[in-house]
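Take a look at the structure set out below.
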Amino acid sequence: MDYNKLAELMFPTITKTVEDYERIYPKRNLKEGAQVTRFAPSPTGFLHIGGLFASLISERIAHQTDGVFILRIEDTDKKREVENGVERILEGLKNFEIKIDEGFTDFDTCVGEYGPYKQRERAEIYQAFAKKMVSEGLAYPCFCTEEELTEIRNIQEEKKILPGYHGEFAKCRNLSLEQIEENIKKGLPYVVRMKSPGNPEKRISFKDAIRGNIEMPENIVDVVILKSDGIPTYHFAHVVDDYLMGTTVVIRGDEWISSAPIHLQMFYLLKLKAPKYAHIAPIMKEDEGGKRKISKRKDPEAAVTYYSEEGYPVEGVIEYLLNLANYTFEDFRRNNKTAHWSEFKLEMNKMSNSGGLFDLVKLNDVCKNKIASYTAEQVYDLAIAWAKEYDSELYSLLTRDKDFSVAMFNFDRNPDKPRKDIGKFNEVRNSFSFMFDELFDGKYEEIPNVDKAKQKEIIEIYKEIYDENADKDTWFATLKEVAVKVGFAAEVKEYKANPDAFGGHVGDVSTVIRVAVTGRTRTPDLWGILKTLGKNKSSDRMEKYIKELN
RNA sequence: GGCUCCAUCGUCUAAUGGUUAGGACAUCGCCCUCUCAAGGCGGUAAUAGGGGUUCGAAUCCCCUUGGAGUCACCA
């Protein structure tokens, strides 16, 4: 058969050749060892936590080596595309501080010399590559209908042989030029299939950067490379794009492992050097005792927006993910308390090759430590940034008096062992509700050890001698003074040694005041709370509580 | 079902033929302490099962079991 004629028949409007494109997109001039990576999502919904994980790894590998990180949009499937799909992905990456060098770097910006970076806009490029394959007899048109394909599959299932368009089932392989010409003239829709040279007896192997050597049977299926609308399938788009864009490592989910033989075969047929592959394990979720891949539909925490909404600090989420990627991150963090996460060197060969459970409890711990490492001012900034978006009432309360809010976030925030009780910013409202009259609900927790009359006595004495300018030690001394006046022990030890001699101890005194002012038996540093609320408000609260006691 | 990958404390994982199988989170106990939160010290807790190879196996091989992924004109 005259394949050149066939190619012209199928692609009469395609005039540029593969060589032309190779000139348009020359090899990148990068320093030795620089890696080019890419994140290539399809705009089918929100950014998935697994997608963030993959893009974080890709971004690290590129930037650790002074390489390039590309964001390419795989929009070859019109049916699954959702509105604002691209924006939602971009927003997710932006929120988590993933820096993109090329492709879509922002909502309205697309930069780089290797574009377009949206696959549908690259249709002619793929067609040129397909044309080349047809002209070399490596691809052919297939006119089989859906019904015919289903029938083939049924027969294959019945006979228990490998399903797919291959061997004797690939009937369009044998169409004559005349038949094809006639079909095209009739306007019959067709797809373009790769003519697989695969041998079912043979196996191929490749080295995966994460998993090591993988061996699989050769691909024998004549997979579709161009759909009937002229748009490529993922397989073909991947091969063409990653070749022309100069990708050196393809980092993707391990659901792609089983199609790697197809991709390797395409590179082989096109006589192109295949990139390295790194298949990462999916993030899993515990489900009724078992494990399953975290699901977009079932799990709210699958969407990165979940972490933003809950107010997890960005750095906490990123560091947790880094932790999941390389166990050595924990050591890095221990030894470099203040270093930014980007100083950590991610190593591909230290990545786990089985899917790990996403552990929200551990994430919370990482985030608590992260927030504890910030200054009160930083916490304030992050808290109001979160509240502005998700809790407008809290936002106005926090910003009403910045000094007040910062002082509040500064409770127990000493550098040596900072308080660690907030893991995410949606906890701020509840943790500090007693600091704002608007949030203070006037409910009081029970004080088990001190009866009401005694409570009243304690508060009345304390109110009179409280000095809001006293330093912490002096303040605590006055508490002891009160304890003695009401017949309580000034030292807890003293009380424990001889409980019958006292009505209680200094701790009970502080609890009474604590409850009177905050409604709670457990709070951060009471001295700080009183000082920050100010004498007037503290006194009001105490009076209110006395009324409550009557 | 075929193909592929995977299997160490509850969870994430370390230990590349010789370790009392280590760490982190969670959990429990004690200490510190004006309540919490922290912090300190300690505890419980794992090599899926069965066969080999070897002086010696979590580690290498085989089988079983279990889990995951994939088999589209979806990515």
Side-chain angles (χ1 to χ4, degrees), chain A residues 40-44 74-80 119 142 144 146 149 153 156-157 160-165 189-193 208 211 214-217 221 223-229 231-235 237-238 252-261 279 281-282 284 286 290-293 320 323-324 326-331 333-334 350 352-366 368 372 411-412 414 416-422 431 445 447 475-476 479-480 483 490-492 505-511 513-515 518 520-527:
Chain A
S42 51
T44 53
E74 310 228 325
D75 60 347
T76 54
D77 186 7
K78 273 185 287 225
K79 293 185 287 285
R80 299 203 318 160
Q119 290 180 331
C142 168
C144 287
E146 223 177 297
L149 294 174
R153 199 171 310 124
Q156 289 167 330
E157 260 167 43
K160 292 198 195 307
I161 48 181
L162 179 76
Y165 207 77
Y190 66 90
V191 299
V192 182
R193 289 183 185 274
D208 185 283
R211 298 173 175 243
I214 298 179
E215 197 185 292
M216 270 187 269
V221 175
V223 293
V224 173
I225 60 174
L226 289 184
K227 302 188 251 184
S228 54
D229 58 0
I231 298 295
T233 55
Y234 169 84
H235 306 299
H238 149 57
R252 46 146 61 156
D254 72 355
E255 68 269 21
W256 291 110
I257 282 191
S258 52
S259 35
H279 290 99
M284 312 286 281
E286 176 135 35
K291 270 189 187 182
R292 63 171 168 77
K293 202 168 159 182
Y320 174 69
N323 208 327
L324 220 49
N326 272 188
Y327 60 90
T328 42
F329 183 80
E330 232 160 52
D331 284 332
R333 184 40 85 212
R334 224 194 320 272
K350 284 196 176 138
S352 163
N353 49 14
S354 66
L357 290 181
F358 193 84
D359 187 349
L360 283 171
V361 177
K362 182 143 185 175
L363 169 68
N364 201 260
D365 179 71
V366 172
K368 269 185 189 173
F411 294 158
D412 292 321
N414 45 46
D416 301 332
K417 36 176 193 170
R419 182 174 195 82
K420 295 180 186 174
D421 53 358
I422 297 174
S431 294
E445 287 177 24
I447 302 171
W475 169 80
F476 194 59
L479 236 47
K480 290 182 178 179
E491 303 291 340
V492 179
H505 57 76
V506 64
D508 295 318
V509 172
S510 79
T511 299
I513 298 164
R514 194 183 302 279
V515 169
T518 69
R520 304 182 186 190
T521 53
R522 299 176 306 177
T523 73
D525 173 33
L526 184 56
W527 172 76

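Within every chain, numbering begins at 1; the chains are lettered A, B, ... in the order of the sequence lines, protein sequences first and strands thereafter.
- Put simply, the side chain of A/Asp525 does not reach to within 4.5 Å of the side chain of A/Arg419, judged on heavy atoms.
- A/Thr523 comes within 4.0 angstrom of a nucleotide base, judged by non-hydrogen atoms across all strands.
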Take A/Glu74 and A/Arg252 through the test salt bridge (charged side-chain N to carboxylate O under 4.0 Å, His left out) and record every step on the way to the result. CA-CA 13 Å; A/Glu74 310 228 325; A/Arg252 46 146 61 156; over 6 Å; no
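- Of the candidates B/C73, B/U70, B/C34, the closest approach to any side-chain atom of A/Trp475 belongs to B/C34.
- Spacing between atom NZ of A/Lys78 and atom C1' of B/A75 amounts to 16 Å, rounded to whole angstrom units.
- With a cut-off of 3.5 Å on both pairing distances, the Watson-Crick or G-U wobble partner of B/A68 is B/U4.
- As rounded to whole Å, 16 Å separates atom P of B/U33 from atom CG of A/Asp508.
- You'll find the side chain of A/Leu479 reaches within 4.5 Å of the side chain of A/Ile513, heavy atoms only.
- The closest donor-acceptor contact from the side chain of A/Asp208 to the backbone of A/His279 lies under 3.5 Å.
- Base pairing of B/A45: no nucleotide in any strand meets the Watson-Crick or G-U wobble criterion (both distances under 3.5 Å).
- Taking the side chain of A/Pro282 as heavy atoms from C-beta on, and the options B/C74, B/A68, B/C34, the nearest nucleotide is B/A68.
- Side chain of A/Thr233, nearest nucleotide from B/U13, B/U35, B/A75: B/A75.
- No engagement by A/Trp527 is indicated, since no non-hydrogen atom pair under 4.0 Å with the nucleic acid exists.
- A 4.5 Å side-chain heavy-atom check between A/Leu162 and A/Gln156 finds every atom pair outside the cut-off.
- Of the candidate nucleotides B/A37, B/U35, B/A14, B/A37 has the atom nearest to the side chain of A/Lys420.
- As judged by a 4.0 angstrom heavy-atom cut-off over every strand, A/Thr76 is placed among residues touching the sugar-phosphate backbone only.
- Contact of the A/Ile422 side chain with the A/Ser431 side chain is registered, since non-hydrogen atoms from C-beta on lie closer than 4.5 Å.
- The partner of B/A15, taking Watson-Crick or G-U wobble pairs whose two distances both stay under 3.5 Å, does not exist in any strand shown.
- Note on ring orientation: taking the six-membered ring where Trp is involved, the planes of A/Tyr234 and A/Trp256 are parallel (angle under 30°, cut-offs 30° and 60°).
- Using the Watson-Crick or G-U wobble rule with both distances under 3.5 Å, B/A37 pairs with nothing in any strand shown.
- As a whole-Å value, the separation of A/Phe329 CZ from B/U13 C1' is 15 Å.
- A/Pro41 comes within contact range of no nucleotide atom at all, as no heavy-atom separation falls under 4.0 Å.
- At the phosphate of B/U13, neither OP1 nor OP2 sits under 4.0 Å from any side-chain N or O atom of A/Lys350.
- With hydrogens and angles ignored, no donor-acceptor pair under 3.5 angstrom links the side chain of A/Arg520 to the base of B/C36.
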Go through it in stages, so that I can follow the logic: the residues are A/Arg80 and A/Thr44, the test is side-chain hydrogen bond (donor to acceptor under 3.5 Å, both in side chains), and I'd like the CA-CA distance, side-chain angles, deciding distance and then a yes or no. CA-CA 6 Å; A/Arg80 299 203 318 160; A/Thr44 53; 4.6 Å; no
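- Note on A/Val492: only backbone sugar-phosphate atoms sit closer than 4.0 angstrom, heavy atoms only; bases stay farther off.
- Nucleic acid contact for A/Val224: sugar-phosphate only, since backbone atoms but no base atoms lie under 4.0 Å from a heavy atom of the residue.
- Comparing B/C34, B/C36, B/A75 by their nearest atom to the side chain of A/Arg522 picks out B/C36.
- B/U35 atom C1' lies 11 Å from atom CZ of A/Phe476, rounded to whole Å.
- The C1' atoms of B/C31 and B/C25 are separated by 22 Å, rounded to the nearest whole Å.
- For A/Ile214, taking side-chain heavy atoms from C-beta onward, the closest of the listed nucleotides B/C73, B/C5, B/A75 is B/C5.
- Closest to the side chain of A/Ser258, from the set B/A75, B/U70, B/C71, is B/U70.
- When the ring-ring contact (aromatic ring centres under 6.0 Å, His included) test is applied to A/Tyr165, no partner is found at least two apart in sequence or on another chain.
- At a threshold of 4.0 angstrom between heavy atoms, the contacts of A/Leu479 with the nucleic acid are absent.
- Here A/Tyr234 lies in heavy-atom contact (under 4.0 Å) with a base.
- Among the atoms of the strands shown, only primed sugar atoms or phosphate atoms (P, OP1, OP2) are found under 4.0 Å from some heavy atom of A/Arg153.
- The partner of B/U53 is absent, by the rule that a Watson-Crick or G-U pair needs both atom distances under 3.5 Å.
- Taking only distance into account, the side chain of A/Arg211 never meets the base of B/C5 through a donor-acceptor pair shorter than 3.5 Å.
- Between A/Phe329 and A/Leu324 the shortest side-chain heavy-atom distance does not fall below 4.5 Å.
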Filtered N/O pairs between nucleotides 24-30 of chain B and protein, under 3.5 Å:
from, atom 1, to, atom 2, distance (Å)
B/A24, O4', A/Glu330, OE1, 3.1
B/A24, O2', A/Glu330, OE2, 3.2
B/A24, O2', A/Lys362, NZ, 3.0
B/A24, N3, A/Lys362, NZ, 3.4

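- Among the nucleotides B/A15, B/A75, B/C34, the one closest to the side chain of A/Tyr327 is B/A15.
- Using a 4.0 Å cut-off, some side-chain N or O of A/Arg193 falls inside it from OP1 or OP2 of B/C73.
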Evaluate salt bridge (charged side-chain N to carboxylate O under 4.0 Å, His left out) for A/Arg334 paired with A/Asp331, printing each intermediate quantity in order. CA-CA 5 Å; A/Arg334 224 194 320 272; A/Asp331 284 332; 2.8 Å; yes
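- Using N1 to N3 plus N6-O4 or O6-N4 for Watson-Crick, or N1-O2 and O6-N3 for G-U wobble, each under 3.5 Å, B/C74 pairs with nothing.
- The interatomic distance linking A/Lys417 (NZ) with B/C36 (C1') rounds to 13 Å, in whole Å.
- In this structure, A/Asp412 and A/Tyr190 both approach RNA chain B, and ranking their closest nucleotides by distance from the 5' end singles out A/Asp412.
- With hydrogens and angles ignored, no donor-acceptor pair closer than 3.5 Å exists between the side chain of A/Arg514 and the base of B/C36.
- Within the nucleic acid shown, A/Glu157 has no heavy atom closer than 4.0 Å to any nucleic acid atom.
- The A/Lys227 side chain lies nearest to B/C74 when the options are B/C34, B/A72, B/C74.
- Among the atoms of the strands shown, none is found under 4.0 Å from any heavy atom of A/Thr44.
- B/C25: Watson-Crick or G-U partner is B/G10, with both key distances under 3.5 Å.
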